K.L.:
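Quick one: the structure is below, questions incoming.
Model, not experiment: these values are computed from the prediction.
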Amino acid sequence: QVQLVESGGGLVQAGGSLRLSCKASGSFFSINAMGWYRQAPGKQRELVAAITSGGGTNYADSVKGRFTISRDNAENTVSLQMNSLKPEDAAVYYCNARIEVLRAVRRDYWGQGTQVTVSS
């Protein structure tokens with residue numbers, strides 16, 4: 001049983017910043033990759049940023065230079081620092097984690113989502 005809980009969403013003016021956080025809890029052996037996805041109304045869910053257990057990162061082209069993903073393995077958390085926010089960044093942001101829940105058994109888990117609204 002694994003739960004991912006996001007926090008940090010809200011309303012911000014264009015050009016402002018927000019920091020999203022996600023914490024994994026429950027029973028599992030380890031966390032592999034973690035990431036953030038977002039979905040705007042009427043659009044497909046897209047990868048925003050991902051980070052491996054070793055610290056390697058990957059970003060969508062649209063957020064490079066503005067967003068930074070990080071993780072704290074001791075706390076089982078992943079964060080997304082979002083700077084210079086644009087109206088097109090508005091979406092529900094979802095935390096994702098690939099977790100080894102049993103020995104040699106990996107599964108993907110999702111948070112409930114947190115709303116990010118950017119006003120112009």
Side-chain angles (χ1 to χ4, degrees):
Q1 186 176 16
V2 178
Q3 299 84 41
L4 300 179
V5 179
E6 303 106 329
S7 62
L11 173 65
V12 65
Q13 293 183 345
S17 298
L18 284 174
R19 184 176 180 86
L20 306 182
S21 295
C22 172
K23 184 175 180 64
S25 62
S27 298
F28 50 84
F29 286 99
S30 63
I31 301 175
N32 188 207
M34 304 185 79
W36 289 93
Y37 292 72
R38 66 187 181 190
Q39 187 168 24
K43 293 188 175 182
Q44 297 284 86
R45 186 173 298 185
E46 64 174 346
L47 175 68
V48 178
I51 185 167
T52 69
S53 60
T57 59
N58 185 39
Y59 296 92
D61 288 341
S62 60
V63 307
K64 286 181 178 177
R66 300 188 297 121
F67 292 9
T68 302
I69 189 170
S70 61
R71 65 190 288 171
D72 185 335
N73 292 332
E75 296 293 330
N76 296 323
T77 60
V78 61
S79 297
L80 185 69
Q81 178 67 45
M82 305 186 294
N83 298 327
S84 302
L85 282 162
K86 304 175 181 180
E88 49 263 47
D89 293 319
V92 177
Y93 283 69
Y94 296 91
C95 177
N96 169 264
R98 177 166 290 180
I99 298 176
E100 189 175 30
V101 294
L102 296 170
R103 193 173 302 279
V105 178
R106 293 178 295 175
R107 295 173 181 168
D108 287 329
Y109 289 85
W110 295 89
Q112 81 287 350
T114 185
Q115 178 71 53
V116 172
T117 303
V118 184
S119 62
S120 59

K.L.:
What is the distance from atom CD of E100 to atom OG of S53, rounded to the nearest 0.5 Å?
P.N.:
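One finds 10.5 Å between CD of E100 and OG of S53.
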K.L.:
So which atom in Q112 and which in V5 form the shortest heavy-atom distance, rounded to 0.1 Å?
P.N.:
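Of all heavy-atom pairs spanning Q112 and V5, the closest is OE1-CA, 3.9 Å.
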K.L.:
Working to the nearest 0.5 angstrom, can you tell me the gap between E46 CD and Y94 OH?
P.N.:
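So the gap between those two atoms works out to 12.5 Å.
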K.L.:
I'd like to know if K86 and D89 make a salt bridge, using a cut-off of under 4.0 Å between side-chain N and carboxylate O.
P.N.:
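Answer for the salt bridge query: no.
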K.L.:
Which residue pairs pass the salt bridge (Lys or Arg N to Asp or Glu O under 4.0 Å) test when at least one of the two sits in residues 12-21, sequence neighbours left out?
P.N.:
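Every candidate salt bridge (Lys or Arg N to Asp or Glu O under 4.0 Å) pair involving residues 12-21 fails, so no pair, neighbours aside, qualifies.
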K.L.:
Check the surroundings of atom CZ in R45: do more than 12 heavy atoms from other residues, nucleotides or ligands lie under 6.0 Å from it?
P.N.:
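More than 12 heavy atoms, drawn from other residues, nucleotides or ligands, come within 6.0 Å of this atom.
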K.L.:
I want to check something: taking the side chain as every heavy atom from C-beta on, are E6 and W36 in contact at a cut-off of under 4.5 Å?
P.N.:
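Contact flag for E6/W36 side chains = yes.
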K.L.:
Is a side-chain N or O of R66 found less than 3.5 angstrom from the main chain of S84, in a donor-acceptor match?
P.N.:
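Flag set: sc R66 to bb S84 pair under 3.5 Å.
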K.L.:
Check whether any side-chain heavy atom of S119 sits under 4.5 Å from a side-chain heavy atom of Q13, and report yes or no.
P.N.:
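Yes; the side chains approach each other to less than 4.5 Å.
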K.L.:
Kindly give the heavy-atom pair with the smallest separation between S25 and F28, and that separation in Å.
P.N.:
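That closest heavy-atom pairing would be C-CE2, 3.9 Å.
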K.L.:
Kindly indicate whether the side chain of M82, heavy atoms from C-beta on, has any atom under 4.5 Å from the side chain of L20.
P.N.:
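The answer is yes, as the side chains (C-beta and beyond) meet within the 4.5 Å cut-off.
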K.L.:
Identify the two heavy atoms, one from I31 and one from A97, that lie closest to each other, and give their separation to 0.1 Å.
P.N.:
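Answer, listing the atom of I31 first, then A97: CG2-CB, 4.3 Å.
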K.L.:
Rounded at 0.5 Å granularity, tell me how far CD1 in I99 sits from CG in L4.
P.N.:
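Between I99 CD1 and L4 CG, I get 5.5 Å after rounding to 0.5 Å.
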K.L.:
Indicate the atoms forming the closest heavy-atom contact of P87 with S120, along with that distance.
P.N.:
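Here P87 and S120 meet closest at CG-CB, 4.1 Å.
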K.L.:
Give the minimum heavy-atom separation between Q81 and S17, together with the two atoms involved.
P.N.:
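The pair with the smallest heavy-atom distance is NE2-CB, 4.0 Å.
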K.L.:
Is L80 close to R38 at the side-chain level, that is, under 4.5 Å between some pair of heavy atoms?
P.N.:
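The answer is no; the side chains never approach within 4.5 Å.
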K.L.:
Output yes when a side-chain donor or acceptor of R71 lies under 3.5 Å from a complementary backbone atom of T52, and no otherwise.
P.N.:
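Such a contact is found between R71 side chain and T52 backbone.
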K.L.:
If you define the side chain from C-beta out and look only at heavy atoms, does anything of T68 sit under 4.5 Å from Y59?
P.N.:
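A side-chain contact under 4.5 Å exists here.
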K.L.:
Nearest 0.5 Å please: distance from the NZ atom of K23 over to the OG1 atom of T77.
P.N.:
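Rounded to the nearest 0.5 Å, the NZ-OG1 separation comes to 6.0 Å.
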K.L.:
Taking the side chain as everything from C-beta on, heavy atoms only, tell me whether L47 gets closer than 4.5 Å to N58.
P.N.:
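In short, these two side chains touch, coming nearer than 4.5 Å.
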K.L.:
Quick one: does F67's side chain get under 4.5 Å of L85's, heavy atoms only?
P.N.:
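Yes; the side chains approach each other to less than 4.5 Å.
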K.L.:
Please tell me if the side chains of C95 and W110 come closer than 4.5 Å, counting only heavy atoms from C-beta onward.
P.N.:
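Contact flag for C95/W110 side chains = no.
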